Amino acid sequence: YPISLGTRHPLTLVKNEIIDIFARMGFTLYQGPEIDDDQHVFTMLNFAADHPARDMQDTFFVERSNTMDVTKNVLLRSHTSNDEAHYMSTHEPPIRVLCPGRVYRNEAISARAHCFFHQVEGLYVDKNVSFTDLKQVLLTFAREMFGADTKIRLRPSYFPFTEPSVEVDVSCFKCGGKGCNVCKKTGWIEIMGAGMVHPRVLEMSGIDATVYSGFAFGLGQERVAMLRYGINDI
Ligand code: PHE
């Protein structure tokens, strides 16, 4: 029989494209564990001991501590931000790293959500890194990924590990912002969370926050792939 040709999965195509774009801005690759401890997924990212994300509703636990000490739990990571804690506690700045990977959340499966999905985490730590650097890196990424006319919009948000924190929207690349079915008539599409790394998070990983600052972002691969290839069911 002739060997039939396959094609790459949309998630792989999108991931490779994202890696290429950030590689041109000097980001190297790092991959941390999918099965991890509470310490790296939550504690070192400044989640309070009673933060709702630690609850059974969101997180799949592999081992729950039988003491009251939540930091002893072993779990499936609910975001790739654990890679920030791993990388920062084992590397000195300057840090410019990109971490693609699979994440798990105990959510109802629907056309828009699945119990495992993929993120790409970015982390940049150096002297004098400012919010302006974050904005420019994200704008450059958006233009490379979605076209030269793409605009970005930052909305105030909250994550325990970044301050200030933002949700990042890109102008709809289908209608150019006029409003269509892809952007649900808003002209904008949300693609990631981002922010300046909280000084406490730097300190918990052994980085002097009086000398260094940084930014981080977490991008949803499925989101980008679905938009890019017109896929309406995850
Ligand atoms: N980890 C966040 C999430 O999963 C995204 C994020 C990453 C936000 C890095 C800010 C900085 O929703």
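Values in this document were obtained by computation on a predicted structure and should not be read as measured data. When a ligand or atom number is given, it counts from 1 through the structure's own listing order. These numbers come from the heavy atoms of this one structure, side chains and all, not from hydrogens, waters or symmetry mates.
Ring orientation note: the planes of Phe27 and Phe215 are tilted relative to one another, at an angle of 30° to 60°. Ring geometry for Phe116 versus Tyr104: interplanar angle of 30 to 60°, hence tilted.
What sits closest to atom 12 (O) of ligand 1 on the protein, heavy atoms only, is Phe159 CE2, 3.7 Å. Closest to atom 9 (C) of ligand 1, if we only count protein heavy atoms, is Glu121 OE2, 3.3 Å.
Heavy-atom neighbours of Arg112 CZ from other residues, nucleotides or ligands within 6.0 Å: at or below the threshold of 12. Atom CG of Asn128 has 12 or fewer heavy atoms from other residues, nucleotides or ligands within 6.0 Å. Remark: Asp149 CG is loosely packed, at most 12 non-hydrogen atoms of other residues, nucleotides or ligands lying under 6.0 Å away.
For the pair His79 and ligand 1, the shortest N or O to N or O distance falls below 3.5 Å. Geometrically, ligand 1 and Ser81 share a nitrogen or oxygen pair separated by less than 3.5 Å.
Taking every non-hydrogen atom of Glu84 and a distance limit under 4.0 Å, the qualifying atoms of ligand 1 come out as 9 (C). Close approach of ligand 1 to Ala216 is summarised as follows: ligand atoms under 4.0 Å from at least one heavy atom of the residue are 9 (C), 11 (C). Atoms of ligand 1 found under 4.0 Å from any heavy atom of Gly218 (numbered from 1 in listed order, with element): 6 (C), 7 (C), 9 (C). Of all the atoms in ligand 1, the ones that sit under 4.0 Å from a non-hydrogen atom of Gln119 are 3 (C), 4 (O).
Centroid-to-centroid, the aromatic rings of His79 and Phe159 stay 6.0 Å apart or farther.
Through direct or relayed side-chain contacts under 4.5 Å between Ile, Leu, Val, Met, Phe, Trp and Tyr, Met204 connects to no other residue.
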key: Audit row: Val41, Phe47, side chain to side chain contact (heavy atoms under 4.5 Å, CB included) steps and yes/no   = CA-CA 9 Å; Val41 180; Phe47 281 81; over 6 Å; no

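Residue contacts with ligand 1 include Ala194, since one of its heavy atoms falls under 4.0 Å from the ligand. Put simply, part of Arg105 is less than 4.0 Å from ligand 1, judged by heavy atoms. Not a single heavy atom of Phe215 lies less than 4.0 angstrom from ligand 1.
When heavy-atom distances to ligand 1 are checked against a 4.0 Å cut-off, Phe217 comes that close only through its backbone atoms N, CA, C and O.
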